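Quick notes on the structure that follows.
Nothing here was measured: the structure is a model prediction, and the numbers come from that model. We name chains A, B, ... by the order of the sequence lines, and we start the count at 1 in each one.
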Amino acid sequence: MNEGAFTIKTEVFEGPLDLLLSLIEKRKLFISDISLARVADDYISYVKNIGQFPIGMTANFILIASTLLLIKSKSLLPNLSLTEEEQGSIEDLEQRLTIYKRVQDVSKHIAEKFGTEIIFSKIPNKRVTPVFSPDEDMTTLAMLESMKRVMESLPKKEVLSKTVVKKIMSLEEMIDKLTDRVQLSLKMNFSDFAGTHGGTKSSGARHSATREERVLIIVSFLAMLELVKQGIIEVNQNTFSDDIAMETQTLGVPHYQ
Amino acid sequence: METPLSTKIEAILFFRGDTVTVRKLAQYLEVHEEKIIEALKELALILSNRGIVLIQHNEEVMLGTSACLSPVIEKITKEELSRDLGKAGLETLAIILYKEKASKREIDYIRGVNSGFILRNLLIRGLINREEEKGGRGYIYSGTTELLAFMGVTNAEHMPEFESVKAELEQFLLTPKDSETETNAC
Amino acid sequence: METPLSTKIEAILFFRGDTVTVRKLAQYLEVHEEKIIEALKELALILSNRGIVLIQHNEEVMLGTSACLSPVIEKITKEELSRDLGKAGLETLAIILYKEKASKREIDYIRGVNSGFILRNLLIRGLINREEEKGGRGYIYSGTTELLAFMGVTNAEHMPEFESVKAELEQFLLTPKDSETETNAC
């Protein structure tokens, strides 16, 4: 796409924040709404290709994608007004990226030290003769109880939390609305796209773009919205085919299909 | 002459070989915990420049061989040392170590992914501990003394940038926000 | 500055916790035996008035706790043996009994935490036995005859619901360990 999309398919990312950070760093940018708007396309084209991820992971990627779409739409259409909540989610993402970067930086200290100069503890003495010392609690029934407790806590298949499911479902609506808002803003402010004036801070990169190019950018952005929407629907469908379906029905939330 | 407390503690730690809590030491020696903490400072001082060091971490103490003698001991140990942590392991350990205690929710929120798998892996390797969170909402994780030992550090505070990063993490997590966003039920 | 020989010896003896011959020390440290004997004299001096003492017998040396501390050590030993097994101890013991034979790796994997300390305690309490795993990768644990007798069964197979529990455990250990199935573990 524009600005030369990076080939990122072969790399493995720990999650959406890891992916975003590496996209920003590859372009040698700092964490800001401007840089996030610039890497949004790369991010979405990556998410598009991750169908094989566990469902929880895809959900995480999509939640971040929706915030990126907000940032991107604001950068394309500076006159688009965002709600307080939307503005909040943008600031939140920037903060999270900042602290996550810090964590990645200090994790290098751990990598440097781990296993380099080890403090060894004493080897347990092999000469100690065991002295049979039972405990009152040791009955066959107590053993069975303990065993059952262990088996209950054995790892089970991943289930999405109610909060995530709710968020993902409200996202579909959000994307629909955003599509409407972008289209509306496009009609109302068509002169903005004549390319004769730029001026707004976030349109810097596209300053000299021709009108045709600008319309193209907006159209491809609408396509991006559609992509994310498809992703959301996919997550929802997969989710509903799972255990979570029962849970969500009791929540009384609408069931998209 | 009465044997100094630091001497007694040294003997107990040597005998036990693994970690002993300050509370246990106070119990064994029938003195107040403050006395133990004082004596531990003394012991750490006595042991500086020796082949043995004192690790202090989260109310626990342990004796170990000095980090700079690691090559000598590595030559005679039969234990297989697994040094590979991976990116997820490093990030998770960084959060837990620099924040001193972190809940799964906090770790997930900072990393933006579910950390259940990596936490389980670190638990099995004995690098982190967990305890139930008050109110039974989940678990709180902290680094083990073995983790510090494996890094050759006698106190978590000796990690580079410890104070500043700890403050930043706390500040970040303090800001009220919907930290449930990205976590899966646990 | 090069670490003094006595310091290196102290670390090795601490780590081994058992007797080491002068010859072995010379081998490990790649110096002449006379040098070792000299350094041992130094070490003995350094360790006078400490909780840890150097014990020399013929050609063998080891570190031990100072004799004047034996009452404290005795108290700790007793306490170690009579302490409540606790939830973690019982769970570990149950896994070993129901699986009949379990390696440390299997126990850790089932419990989702490191069982090193607990296994050590169960061993000195005579509740479990261990034997070396084939291929020398680690140890295999099983319940002692005394333990079974104490619970009034002659054989682990007579534990309640033995067949079904054992089958479930085996099934779990066979399940591929991909990250998706394990994420909710913690």
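Looking only at heavy-atom pairs under 4.5 Å with chain C, the residue among B:Val72, B:Leu13, B:Ile9, B:Ile73 that has the most is B:Ile73. Among C:Gly116, C:Ser115, C:Gly112, the residue with the largest count of heavy-atom pairs under 4.5 Å with chain B is C:Gly112. Chosen from B:Leu63, B:Ile128, B:Leu122, the residue pairing most often with chain C at heavy-atom distances under 4.5 Å is B:Leu63. Interface remark: of the candidates B:Ile46, B:Ile76, B:Asp18, B:Leu43, B:Ile76 forms the most heavy-atom pairs closer than 4.5 Å to chain C.
Checking side-chain atoms of B:Arg50 against main-chain N and O of C:Ala11 turns up no donor-acceptor pair under 3.5 Å. A donor-acceptor pair is defined here as one N or O able to donate and one able to accept, closer than 3.5 Å; such a pair exists between the side chain of C:Lys75 and the backbone of B:Tyr28.
Within a 6.0 Å radius of CG in B:Asn49, other residues, nucleotides and ligands contribute 12 heavy atoms or fewer. When the shell of 6.0 Å around CZ of C:Arg83 is examined, it contains more than 12 heavy atoms from other residues, nucleotides or ligands.
Note: C:Leu69 CG to B:Glu10 CD = 9.5 Å, rounded to the nearest 0.5 Å. Here CD of C:Glu79 is found 3.5 Å from NZ of B:Lys24. Values are rounded to the nearest 0.5 Å. Going from atom CD1 of C:Ile12 over to atom OG1 of B:Thr77 covers 12.0 Å, rounded to the nearest 0.5 Å.
For residues 51-74 of chain C, there are no side chain to side chain donor-acceptor pair (under 3.5 Å) pairs, not counting sequence neighbours. Among pairs with a residue in residues 117-144 of chain C, none fulfils ring-ring contact (aromatic ring centres under 6.0 Å, His included), at least two apart in sequence or across chains. Screening residues 124-134 of chain C for side chain to side chain donor-acceptor pair (under 3.5 Å), with sequence neighbours left out, gives C:Lys101-C:Glu131, C:Arg105-C:Glu133.
Residue B:Leu5 does not touch chain C at all, counting heavy-atom pairs closer than 4.5 Å. For a residue to count as touching a neighbouring chain, one of its non-hydrogen atoms must lie under 4.5 Å from one of that chain's; by this rule B:Gln27 touches chain C with backbone and side chain alike.
Contacts of residues 29-42 of chain B with chain C at a heavy-atom distance below 4.5 Å involve B:Leu29, B:Glu30, listed in sequence order.
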